[in-house]
Amino acid sequence: MGYDIYIQTSDGKPAEGDQNYFRFAYTAMPRALDAMNNFGMLVELPKPSYPQLTEYGLEGVTHRPGTKLDESTANRIAEFRTAYQAVKDASEAAPTGIPRYKLFYNDAFLVTVAEITAALTAYDAHPGVAIAEMPVGDPVWGHWITFLRRAQAHGGLRTY
C-alpha cells in the first residue's frame, strides 16, 4: 500500500517515463505532508463531496461496459461521470498552496500547476529552505521537491 503519484501532461494525460512517477509508502506520506505543512506549502480545505448516483436517477442501474442502455440512461451516466470528474479536477481560482486532501487521499485529485506553483513559492520563500534538502535529513525530500518542480513544468499531478 502506498501513494502512486503521476505527472500529467498539459492535455491531462499521464506523462510517460520513470521520471514522471513518484511513490510514497503508506507510512511515509504523513511525514511528507507534515514537512510540506511546516514550509507553508499546504492549505486545509475540506475534501469535496462526490455526486451521488441518486442525483442522476442511476441508483440500481447497471452501467458496466457493454451493457445496452436507453439514450436517457446513457445521457444520465455521461452527466454523472462529467460531474464526478469535475470534483476531481476542481481547484481554487487563486490557490495559495496544495489542498492537503489532494495528496492525502489517493482519489486521483488533480493538483494543478497553479497549486504547485503556490506551494513551491511558499517553500522557496521559507527561511529554512537553504538546509531543507541537505543530506542530513530525509533523502526523499529533495527528490520530492524535484518531482514537484517537474510537475509544475508539465500539467500537474494526480495521486492514486
Side-chain angles (χ1 to χ4, degrees), residues 1-53 55-56 65 77-160:
M1 281 181 64
Y3 296 84
D4 296 310
I5 305 171
Y6 296 90
I7 292 175
Q8 68 174 34
T9 59
S10 57
D11 62 356
K13 295 179 181 163
E16 293 186 24
D18 291 342
Q19 71 277 14
N20 296 311
Y21 169 77
F22 198 91
R23 178 164 176 78
F24 276 111
Y26 178 74
T27 56
M29 182 58 96
R31 288 191 310 270
L33 292 175
D34 283 347
M36 291 179 76
N37 193 53
N38 290 337
F39 282 109
M41 300 171 73
L42 298 179
V43 293
E44 289 295 331
L45 296 174
K47 181 181 177 189
S49 299
Y50 287 108
Q52 300 298 309
L53 288 171
E55 296 171 32
Y56 294 84
I77 289 171
E79 289 170 8
F80 171 79
R81 288 180 176 157
T82 299
Y84 193 88
Q85 191 64 44
V87 170
K88 288 182 170 194
D89 294 349
S91 68
E92 293 185 301
T96 57
I98 299 171
R100 183 179 187 281
Y101 74 84
K102 288 188 175 189
L103 295 172
F104 181 76
Y105 295 102
N106 53 3
D107 287 356
F109 289 109
L110 173 63
V111 179
T112 66
V113 169
E115 291 166 339
I116 295 168
T117 299
L120 289 172
T121 299
Y123 175 70
D124 291 336
H126 193 278
V129 73
I131 61 168
E133 297 174 41
M134 292 180 77
V136 185
D138 183 356
V140 173
W141 181 254
H143 296 296
W144 174 236
I145 293 299
T146 299
F147 184 80
L148 286 175
R149 292 189 194 287
R150 183 168 183 71
Q152 178 187 24
H154 288 78
L157 59 85
R158 292 186 189 270
T159 302
Y160 296 89

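These numbers were taken from a predicted model, which means no experiment stands behind them.
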Is there a side-chain contact between [X] and [Y], using heavy atoms and a 4.5 Å cut-off?
X	Y	result
His154	Ile116	no
Val140	Phe24	yes
Ser91	Lys102	yes
Pro51	Val87	yes

Please list, chain by chain and in numerical order, all residues satisfying salt bridge (Lys or Arg N to Asp or Glu O under 4.0 Å) with [X], sequence neighbours excluded.
X	value
Arg23	Asp4
Glu44	Arg100
Lys88	none

Would you please name every residue forming a side-chain contact (heavy atoms from CB on, under 4.5 Å) with [X], sequence neighbours left out?
X	value
Gln19	Arg150
Glu79	Tyr56
Asp18	none
Asp89	Gln85, Leu110, Arg158

Shortest non-hydrogen contact from Ala90 toward Glu115:
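Heavy atoms only, the tightest pair is O-OE2, 4.5 Å.
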Can you name the nearest heavy-atom pair linking Gly97 to Pro99, along with the distance?
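Heavy-atom minimum between the residues: O-CD, 3.6 Å.
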Just to verify, what does Thr117 make a side-chain hydrogen bond (donor to acceptor under 3.5 Å, both in side chains) with, not counting sequence neighbours?
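In terms of side-chain hydrogen bond (donor to acceptor under 3.5 Å, both in side chains), with neighbours along the sequence ignored, Thr117 is linked to Gln152.
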side-chain hydrogen bond (donor to acceptor under 3.5 Å, both in side chains) with Thr9: which residues, sequence neighbours excluded?
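Checked Thr9 against side-chain hydrogen bond (donor to acceptor under 3.5 Å, both in side chains); matches are Asp11.
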Indicate the ring-plane relationship of Phe147 and Trp144, choosing parallel, tilted or perpendicular according to the 30° and 60° boundaries.
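Correct class here is parallel.
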Listed once per pair and sorted, the salt bridge (charged side-chain N to carboxylate O under 4.0 Å, His left out) pairs that draw on residues 121-132, sequence neighbours left out:
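Pairs touching residues 121-132 that pass the test: Asp124-Arg149.
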Going from [atom1] on [X] to [atom2] on [Y], what distance comes out if it is rounded to the nearest 0.5 angstrom?
X	Y	atom1	atom2	value
Leu45	Ile98	CG	CD1	12.0 Å
Leu157	Thr112	CG	OG1	9.0 Å
Thr159	Tyr101	OG1	OH	11.5 Å
Tyr105	Tyr3	OH	OH	9.0 Å
Lys47	Asp107	NZ	CG	4.0 Å

Phe104: which residues meet the ring pair (Phe, Tyr, Trp, His ring centres under 6.0 Å) condition with it, sequence neighbours left out?
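Once residues adjacent in sequence are excluded, Phe104 has no partner under the ring pair (Phe, Tyr, Trp, His ring centres under 6.0 Å) criterion.
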Report yes or no: does Gln52 contribute a side-chain atom to a donor-acceptor pair with the main-chain N or O of Tyr50 at less than 3.5 Å?
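Yes.
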Please set out all donor-acceptor pairs under 3.5 angstrom arising from side-chain atoms of residues 31-40, sequence neighbours excluded.
| from | atom 1 | to | atom 2 | distance (Å) |
| --- | --- | --- | --- | --- |
| Arg31 | NH1 | Thr27 | O | 3.4 |
| Asn38 | ND2 | Asp34 | O | 3.3 |

